[in-house]
Amino acid sequence: MEYNFRETEKKWQRHWKEEKTYRVYVDHDKPKYYVLDMFPYPSGAGLHVGHPLGYIASDIYSRYKRQKGFNVLHPMGYDAYGLPAEQYAIQTGQHPAITTEKNIQRYREQLDRIGFSFDWDREVRTCDPPYYKWTQWTFIQLFNHYFDHKTGKAEPVSKLEDTFARSGNLDVDAACSPIDYFTAVQWMKMDEKEKRHVLMHYRLAYLADTYVNWCPKLGTVLANDEVKEGFSVRGGHPVEQKKMKQWFLRITAYAERLLGGLDDVDWSDSLKEIQRNWIGRSEGATIFFPVKGSEEDRIEVFTTRPDTVYGATFMVLAPEHELVDKITAGEYRTEVEAYKKAAGSKSERERMTEVKTVSGQFTGGYAVHPFTGQDIPVYIADYVLAGYGTGAIMAVPGHDSRDHAFARHFDLPIIEVVEGGNVEEGAHDDMEGTMVNSGFMDGMDVPAAIRSVNRKLEDKEIGKKKVNYRLRDAIFSRQRYWGEPFPVYYKDETPYVLPESELPLELPPVDKYLPTSEGDPPLARAKNWETSDGWPLETNTMPGFAGSSAYYIRYMDPRNDNRLVSREAVEYWENVDLYVGGAEHATGHLIYARFWNKFLFDIGITVKEEPFKKLVNQGMIQGRSNFVYREKGRNRFVSLNLKDQYDTMPIHVDVNIVENDVLDVEAFKKWNPEYKDAEFILEDGKYICGWEVEKMSKSFHNVVNPDDLIEKYGADTLRLYEMFLGPIEQAKPWDTKGIEGVFRFIRKLWRLYHDQQNRFAVAEEPATEKEKKVLHKTIKKVSEDVERFSFNTAVSAFMVCVNELTDLKCNKREILEPLSVMVSSFAPHIGEELWNLLGHEDSVALADYPSWDEEMVKDDMVLYPVSFNGKTRFKMELPAGSSKEEVEKQVLGAEDAQKWLQGNTPKKVIVVPGKIVNIVI
RNA sequence: GCGGAUGUGGCGUAAUUGGUAGCCGCGCCAGACUUAGGAUCUGGUGCCGAGAGGCGUGGGGGUUCGAGUCCCUCCAUCCGCACCA
């Protein structure tokens, strides 16, 4: 008889559920610790072996912290809105809520089988009305706030209205869309509609008409992080630019704080760097170039190199720039229109592939150089982006490679203004060099020139120093059904938000999940989709990141119907101490959630500026695919090492019918009817498969399902093996065959506590020094490893410990009891069972984590490696306390040493006590 | 092109501060028990070499008594961004 994992695991899972072992409450007597997993989107495919990796790591850490005396918040829920359920609804007519519910059930079953210590009473689902009530509520707050640069935070729009009534918007320094100045008198004269139109330029959630990423196949717009290389991240459909009226979140207002906050969080450098790049801060200046022949029109450019302004020999506007039509001279109108049309019809994808080709069109118009007074020609070209900076540049061909290429192509003048390169050959974009041909800047170095020109710009009121960001405001509308409805209605086309008392605004039923024939979103199909006064409601829905931006706050107080979170809960739990999830959310969720949290911080809901103190990115688990080699044109398969003798092609074969790279031939014949009569050319009577590491995917037939492994080896084994695979942050291939090793470990562990007849047999007599040493070394190693998230080495330490205790035939309670506590965070079922067998009534989850005695960890003897000129030649055991001199004497006196010295006198002897001896001859 | 990360046995990996390279596990080899083994247990296993010994952490160079670890350089792979002014 062996350890019966099937029965034991089921028993404890039931027990934990019934006893609510992992339920937590605010407890001011204990320090809090908040461990969070990125909640999953419950897809129809269920979990594969890669999904729980992060959950297992965070669960181990949670259990460890609990035993260390912390009150641990460790919740789980579902990111339940999303495209797959809706696509399925479109195909089948089944309501996405039904699909989602079914998938959640499946996920829950799979999760439960792995033995996590989640407090399921705190589960949230983003598609639940009581949950999305607070998503909608936050949207209303965003709508009713603006970002004031003077206070550096969000302020109520009502405060802005007071200011406008007092002094117009001249003195307002706020994050806003481009808007003209107006006075208090002008403001007072506006009617409500006009006022609301003005305020829309300031709100943190605002409606605007701009070019958006439109994905025709999905029938919706997408945010920048949802588009990659011109294709939608979900589904891989082409994306094009389209002008549409959409809701936006003014995340750019928080750019500086989002950047600064990165210094305060414990995240990986690479992840912080990705966020810094995404925010893309650059320092420079805006400069106004008057349009020739116009009194009021000026072209505003942004440049990071205002020092090179004297080198500006032409200007380029984005084809979409608003001044293009005004500037274009009559005789160029046809060409300009043609260019604009061509640029506009290009997909994002086409634009990207044409990066290296120079194209553009002269407008026939000129601007006046603000320093030299010379006329410079104005072009349009699609290498200038409408969405970045001001959508216009001063082109400095001498010192910018794109401008240089453009100047060459159109034969425009190139002026050198910074010495040190050959501007005829190519752009000299170095910051090193002396200014020339630059009027008042001549002779200065670049940094001095920048300071000098910035001062001049401000004095002459023709520009100023400016910080620009690559980050754009986030598009917040989706032309989709399965998402949160906006708490917004329209009165004569002017948007208003619903009163809080009407939340949640529930998602209405529709007859079909498709756009209407007029092209309106699916919600336009809903009957009576209007307020009680008959005003039409917004028909867009919110994007996926809406519901996932504050779920970690809601977990603190998930059933509160009066507030997003109670004061007491948020003041106790504060923010997430450890967040575990994939790096793919670096530019999406992790930026939005930080923004969302900062806003909630500004309005007094959250108490910490940053939501996630420490973040660990688990590496992807890759698949290990197996291949068979089919002879071309025949139904015959050649074993790996013979395949080169035939003309073959590799075919993916299901890894579940391959063991240790040997194909189960009979299973293969049944696997696919096509191979029913297949023939095989074997080696040593076996068919050997080839293998390769690829993404884990159905199409590669390399998906391994955790349920199958749990059935065969148990959840504890699965948990240990996932951790044993390698460092948590590293990507690594899954190879099931190695699981046998940890399975053996579990049984070996069990046998320490049992006799040969599988009877529980733990002795009460005191442990020997040797046994205690083994235990204390393990406590130290495992504790330190868990603290630094090195779970693979911790598992290895457990193996070493069990191997050594087995050799010592140790069955003492003094040793085995603390061991069961430590093991229980990794393998909770067997840990709980052993703890229970040891006579404890309470769960091992609440046992005290053992501590180690530093004295016990020290060894009495040290095995010194003795090397000559750095090469280890022999080893010598000496007492741990020996002095340097003593070690040297002992070593040099040894027979082995004489052999290697060969009569030479050592030039130098280096002794590092406790470590090494090196003899230089 | 820019930024980041990673290269160690047949495979996954270990070596926390510059101090025995290869712990632990898989696989493989040999043996024990067995009617049998895809069970279990024991021993071995970086490479070359009969051995003494030599060589070994992607390649080359450097610092050091000593380098997987630090510095320079090149190469490969992965990830992110990419006409961002």
Side-chain angles (χ1 to χ4, degrees), chain A residues 2 228-229 268-278 280-282 284 301-305 308 316 351-352 354-358 381-385 387-396 399-403 405-406 429 468-472 583-584 586-587 619-620 622 624 659-662 691 693 720-721 724-727 729-742 744-745 747 781 784-785 787-788 790 792-793 795-800 803 863-875 906-912 914-921:
Chain A
E2 285 276 355
K228 212 176 131 187
E229 292 174 6
S268 72
D269 289 340
S270 70
L271 194 68
K272 287 192 197 181
E273 208 48 39
I274 290 172
Q275 290 220 341
R276 286 194 191 104
N277 290 341
W278 189 260
R281 183 184 199 273
S282 53
V301 301
F302 173 73
T303 174
T304 53
R305 294 293 301 276
T308 62
V316 186
R351 276 191 151 197
M352 300 203 12
E354 287 171 16
V355 163
K356 300 227 152 46
T357 44
V358 177
D382 62 6
Y383 83 90
V384 175
L385 307 175
Y388 184 77
T390 60
I393 61 158
M394 60 174 205
V396 183
H399 306 278
D400 179 287
S401 55
R402 290 152 308 167
D403 297 345
F406 196 86
D429 50 13
N468 202 40
Y469 300 93
R470 199 189 73 102
L471 184 73
R472 322 254 179 103
E584 67 273 18
T587 52
M620 239 218 322
Q622 297 149 311
R624 186 183 187 276
E659 192 160 326
N660 204 7
D661 292 338
V662 177
W691 63 276
V693 173
L720 282 165
Y721 187 55
F724 188 63
L725 235 35
E729 305 204 62
Q730 204 169 294
K732 57 238 155 192
W734 179 272
D735 187 359
T736 300
K737 77 184 173 197
I739 201 170
E740 297 279 350
V742 286
R744 264 177 221 131
F745 161 77
R747 284 177 293 174
K781 174 82 178 135
E784 288 176 352
D785 285 353
E787 290 284 357
R788 64 189 176 102
S790 178
N792 54 327
T793 53
V795 175
S796 159
F798 279 128
M799 289 175 168
V800 171
N803 287 347
L863 188 62
Y864 280 94
V866 181
S867 46
F868 291 78
N869 291 341
K871 288 197 165 102
T872 309
R873 294 302 181 184
F874 66 93
K875 285 162 194 175
K907 275 191 203 133
K908 200 173 175 186
V909 179
I910 292 135
V911 178
V912 183
K915 294 260 160 126
I916 199 174
V917 179
N918 190 17
I919 297 161
V920 185
I921 46 174

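FYI, side chains are in, hydrogens and waters are out, and symmetry mates aren't considered; it's all heavy atoms of this structure. Chain letters run A, B, ... following the sequence lines, proteins first, then strands; residues in each count from 1.
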In whole Å, what is the span from the [atom1] atom of [X] to the [atom2] atom of [N]?
| X | N | atom1 | atom2 | answer |
| --- | --- | --- | --- | --- |
| A/Tyr721 | B/C11 | OH | P | 15 Å |
| A/Arg281 | B/C84 | CZ | C1' | 15 Å |
| A/Gln730 | B/U77 | CD | P | 18 Å |
| A/Tyr469 | B/A85 | OH | P | 14 Å |
| A/Glu273 | B/C81 | CD | P | 14 Å |

For [X], report the nucleic acid contact type (base, sugar-phosphate, nothing); a contact means any heavy atom under 4.0 Å.
| X | answer |
| --- | --- |
| A/Arg276 | nothing |
| A/Val912 | base |
| A/Asn803 | sugar-phosphate |
| A/Asp735 | nothing |
| A/Arg624 | nothing |
| A/Asp403 | nothing |
| A/Ser268 | nothing |

Quiz item: With rounding to whole Å, what would you report as the distance between B/G4 and B/G9 at their P atoms?
Solution: 27 Å
Quiz item: Mind checking the P distance from B/U16 to B/G31? Whole angstroms is fine.
Solution: 39 Å
Quiz item: Where each residue is assigned the nucleotide of RNA chain B containing its nearest heavy atom, which of A/Tyr388 and A/Glu659 is assigned the position nearer the 5′ end?
Solution: A/Glu659
Quiz item: Is there a donor on the side chain of A/Asn277 or the base of B/C81 sitting less than 3.5 Å from an acceptor on the other?
Solution: no
Practice problem: Treat a base pair as Watson-Crick or G-U wobble with both distances under 3.5 Å, then lay out RNA chain B in dot-bracket form, 5' to 3', with | for cross-strand pairs. | Solution: (((((((..(((......[....)))((((((.......))))))(((....)))..(((((..]....))))))))))))....
Quiz item: Under 6.0 Å from the six-membered ring centre of A/Trp734 and within 45° of its axis: does the NZ or CZ of A/Arg624 meet both?
Solution: no
Exercise. Take nucleotides 43-49 of chain B nucleotide by nucleotide from the 5' end and write B, S or -, depending on whether a protein heavy atom sits under 4.0 Å from the base, only from the sugar-phosphate, or from neither.
Key: -------
